[in-house]
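Encoded as structure tokens, the structure appears first; notes follow it.
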Amino acid sequence: MNELLQYIFAGITNGAIYAIIALGFTMLYNATELINFAQGEFVMLGALGLVSLRTGLHWPLPVAFAVTVLGVSAVGMVLERLAIRTVRKPHPIVLVIITVGASILLRGLAMLGWGKDSFSVPYFSKHPPIQVSEATILPQSLWIVGIVLLTVGVLQFFYKRTLAGKAMHACAINKKAASLLGIPSERMVLLAFAISAALGAVGGMIIAPITMCSYDMGTLLGLKGFCAAMLGGLGSSFGAVLGGFLLGILESLGIGFFSSSLKEPTAFLLLLLILYIRPSGLLGAKAVKRF
Amino acid sequence: MALGSAARSPFVIFAAAIVLVGAGVSNSYYLQLLTVIGIYTLLALGLNMLMGYAGQISLGHAAFYGLGAYTSAILTTHFHVSPWLALPLALLLSAGVAFLVGIPTLKLSGYYLGMGTLGFGMIINVLFREWSSMTGGASGLVGIPPLAWGSFVLSRGRAYFYLVWLTTLACFVLCERLVNSRIGRALRAIHDSERAATAVGVDTSRLKLGIFVFSAVLAALAGFLYAHLVSFISPSSFDFLMSVRIVTMVAVGGMASIWGSLLGASLLTLLPEWLHVFAEYEMVVYGLLLMVIMIFLPQGLSRGVIDLFAQRHLLSSLAKRLKG
Amino acid sequence: MRHREAMLKTTLRITLLVLMVGGLLVATPCWSQETYKIGGIFSVTGAQSFLGDPEKKSLEMAIDAINAKGGIDGHRLEAIIYDDEGDPTKAVNAATRLISKDNVLAIIGPSATPTTLAIIPVVEEAKVPLISCAAGIKITEPVKPWVFKTAQNDVLAVAAIYNTMQKKEVKKVGILTVANAFGESGKEQLLAQAPKFGMEIVANESFDAKDTDMTAQLTKMRTTKPDAIICWGTNPGPAVVAKNMRQLNMDIPLYQSHGVASGKFIELAGEAADGIVLPTGKILVATLLPETDAQRPVLLSYIKDFEGRYSMPVSGFGGYAYDAMGILEKALKGSGGNREKIREGIEKLTGYVGVSGTFNFSPQDHNGLGSDAFVMVQISNGTWQLLR
């Protein structure tokens, strides 16, 4: 019984990682109906960026944080500008392949920049593991969960209270109508890319202390984050977060009560299940349209 | 449904080229490379039928490639079945799995289909890795017997080159007939607009499923040929990255183009050869190539170049017409 | 219009074919009868790059050193190294290319067991000597005439760990292995040899190489109350395991495999590395060895050359390629570039003191290392100490 609590803690830690990646997917999809296969690479860039600025240049954490977020957002915007906007035929197959190509390109560049080694970053705070009944949780996990929830809150505020957010929401509902009302849809797409890249970067940075950062860390995380987004429902931010935590906990329980070899397929089995049974996801607001 | 002589001649030229190249190249390294290109062409061809003509995305195609390879490998090494018997079994298994997976998955569309196939591909890859008693796990399966006809060993050099390329040629012809038949036209109708196709009475779900199974069978055939060429297989050759590679071959070579499969497979296999001095930059070049071609020539190289020419020709003939 | 299009298509197709064949004939290297060509296949990029990268560097360093001394029997050496990216298909490709196109005398590598197993049929058929840098026991057992290896067998590593544990009266063991070829091979050996040393495996879990949290597996293992845990993998996973154990307040001893025998592990695990015991080649504790140890001068010289040239810390892995070249050098002398003579030369070599151990080859033993190839070390205060 004590183990259950520990499994849940482990699940929450991993789950928060998936949640923030899922948020990036959902957020971009909401604004542009695009799935960006390079989302995992934004996470990787965030993590490695933090490694360089913190461990390499010894910048203070908040500064390193902010600079990395801005840097990765810039990468996202460049991607949108050069690769997405210039596409002659925005057919979904073409767009999917472009983002796949982008993820390979980013990975290749990261390999040139940081090499093939793994790196680690110190924890955000120097507190020892916290004991809760028979289980322990790392303070970094609390940081992760906290920052994820904070991010969700900020996003909600952005959508509901700021003009830009409302404009983006409008674009998501109906692009033509929104542009008729004077909303510059192209700029909204650019903004969406910037924000989803920033989300990826934040995700990468908060998990950097507990995971090993390397140029290829993004691929599997991106795929699992996507599964989490689908699980929760591709149109909904809360769905992304819910999907993320649910996936993390189910993985953990799978290891604990069944077999450790179950961990990897869990995400994809859940994905297939959701696709077949309820494609709009657990909290799915709107179904993914046909093309 | 007779093929006009104009349509037949490319295949004759191709067959002649195969014979000539096979006779002319004697270096076993080059022969092996060309043989591998043949196998990849087969893979790309199958996926092209699905992606290019029927317009369905599959991001897990390496799974069928692997199913073909592993089924034959397991049957021939653990159960000492003859490879010639293992072949139809491998094809059947792949077809069966494609059928079962296809029924629910093809009901999805757009991104959902891509995701479904991706998930399926990952799960099959895990199966290859975890079922170690049969597949050898992550360490792979050794000792796959070569193909032999009586006492003549086929899995070597020139003999295998011919075997693989003649198989590929046969599949080319098959696909060409398919594309130019009623089925092919119906497929293209689905590609353009599934709703419209249904409106004119095309049984879209059955067709999509059929093409999905067909492409899986071609992939399994490629897997069979691969397993008996290299005599050792491991799960890392059939992972997500391989699925991406196959998609790249189709996209770069040319979607809805049979010859595009050949172009894409050749290009992507030769690229690392040409770049091997710059091995560090391979990933960057790969990613850039993929993006650039998709952005500027979304129909792929073979179609895209023809389109460019066609456009210019069209424009110039239009201009002539307007002038005089 | 249709005719034009058809003509265009045919032209394109012919161009394609010409390109294909022509592209292959690009840059045929001119081959000089004077140079001895040595092939290398390493996982320079990909998941095993921590193996392939130092191996490639060590081979290049070794060859440069030999050339500086005037080569072998007056022949200059040339290294032709390909990256297999950890992919067996690419390894086969590279092997065929080295043999048929580059005409090498022998091949050193690959870095990992699956890639090695993939190319064994190729080298056996082409009759080219292969000295692999991979650990899998299947490479040299059963013995194949043309295949040798320099990396220590995981059989010996496991035996070394169990030996130590037996002395510390450990009875119940939990094993945690990576889900790749290295981990699987280790798991196989751990399970097979346990009864011989009176060990009982009470928990058997695995994790993926890219996993970032193993607390679930460790929690599950804790319920079976093992006396010690053996983690078998290569960086970065085992470092995460070490950190996780601290987090969970598990104060039973943690043993690792020689897969983490590099400074990187200590860097990644930080404080959690303290107290961990593992088997390793003597390279990590070269300075602690007694003066009488035959390997000491060889190790110190390798460390000095490598760290001086590449400004990065050594690991045992680069040593595999370094030893392979050293062994090959001995076999090449007097062989006149004949592959069969080279093969025999390797097989007859005894008493070769290398970085990985002292090699004694024979027709029955193509690995040549004994249990003295491993020493047990313990990490203490961020440095390697010999276990007493």
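Throughout, a chain's letter reflects where its sequence line sits, starting with A, and its residues are numbered from 1.
Proximity to chain B is absent for every atom of Leu106(A), based on heavy atoms less than 4.5 angstrom apart. Contacts between Ile35(A) and chain B at a heavy-atom distance below 4.5 Å involve backbone atoms as well as side-chain atoms. The parts of Leu269(A) that come within reach of chain B are both its backbone and its side chain, each placing non-hydrogen atoms under 4.5 angstrom from that chain. Looking at Leu79(A), only its side chain comes within 4.5 Å of chain B, counting heavy atoms on both sides. Interface remark: Leu109(A) contributes backbone and side-chain atoms alike to the contact with chain B (heavy atom separation under 4.5 Å). Looking at Ile277(A), there are no atoms closer than 4.5 Å to chain B (heavy atoms on both sides), in backbone or side chain. Neither the backbone nor the side chain of Leu289(B) comes within less than 4.5 Å of any heavy atom in chain A.
Counting heavy-atom pairs under 4.5 Å between each of Leu270(A), Leu34(A), Thr219(A), Leu82(A) and chain B puts Leu34(A) at the top. Among Leu288(B), Val285(B), Val292(B), the residue with the largest count of heavy-atom pairs under 4.5 Å with chain A is Leu288(B).
For Asp216(A), the side chain to side chain donor-acceptor pair (under 3.5 Å) partners at least two apart in sequence or on another chain are Ser214(A), Lys210(C).
Residues Phe268(A) and Gly119(B) come closest through the heavy atom pair CB-O, 3.8 Å. Across every non-hydrogen atom of Met283(B) and Ile104(A), the tightest pair is O-CG2, 3.5 Å. Minimum interatomic distance between Leu271(A) and Met115(B) (heavy atoms only, all atoms of both residues): CD2-O, 3.5 Å. When all heavy atoms of Met291(B) and Ala83(A) are compared, the closest pair comes out as CE-CB, 3.5 Å.
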Could you please spell out the steps behind the side chain to side chain contact (heavy atoms under 4.5 Å, CB included) verdict for Ile295(B) and Ile98(A)? CA-CA 7 Å; Ile295(B) 294 173; Ile98(A) 290 181; 3.7 Å; yes
For a side chain to side chain contact (heavy atoms under 4.5 Å, CB included) check, start with the C-alpha distance between Thr248(B) and Ile97(A), then their side-chain angles and the critical distance, and finish with the verdict. CA-CA 8 Å; Thr248(B) 310; Ile97(A) 299 179; 5.8 Å; no
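Remark: Phe257(A) CZ is packed, more than 12 non-hydrogen atoms of other residues, nucleotides or ligands lying under 6.0 Å away. A 6.0 Å sphere centred on CZ of Phe258(A) holds no more than 12 heavy atoms belonging to other residues, nucleotides or ligands.
Among residues 233-241 of chain B, the residues having any heavy atom closer than 4.5 Å to a heavy atom of chain A are, in sequence order, Phe240(B), Leu241(B).
Put simply, SG on Cys227(A) and CG on Leu118(B) are 7.5 Å apart, with the number rounded to the nearest 0.5 Å. The line from CD of Glu264(A) to CD of Glu130(B) is 8.5 Å long, rounded to the nearest 0.5 Å.
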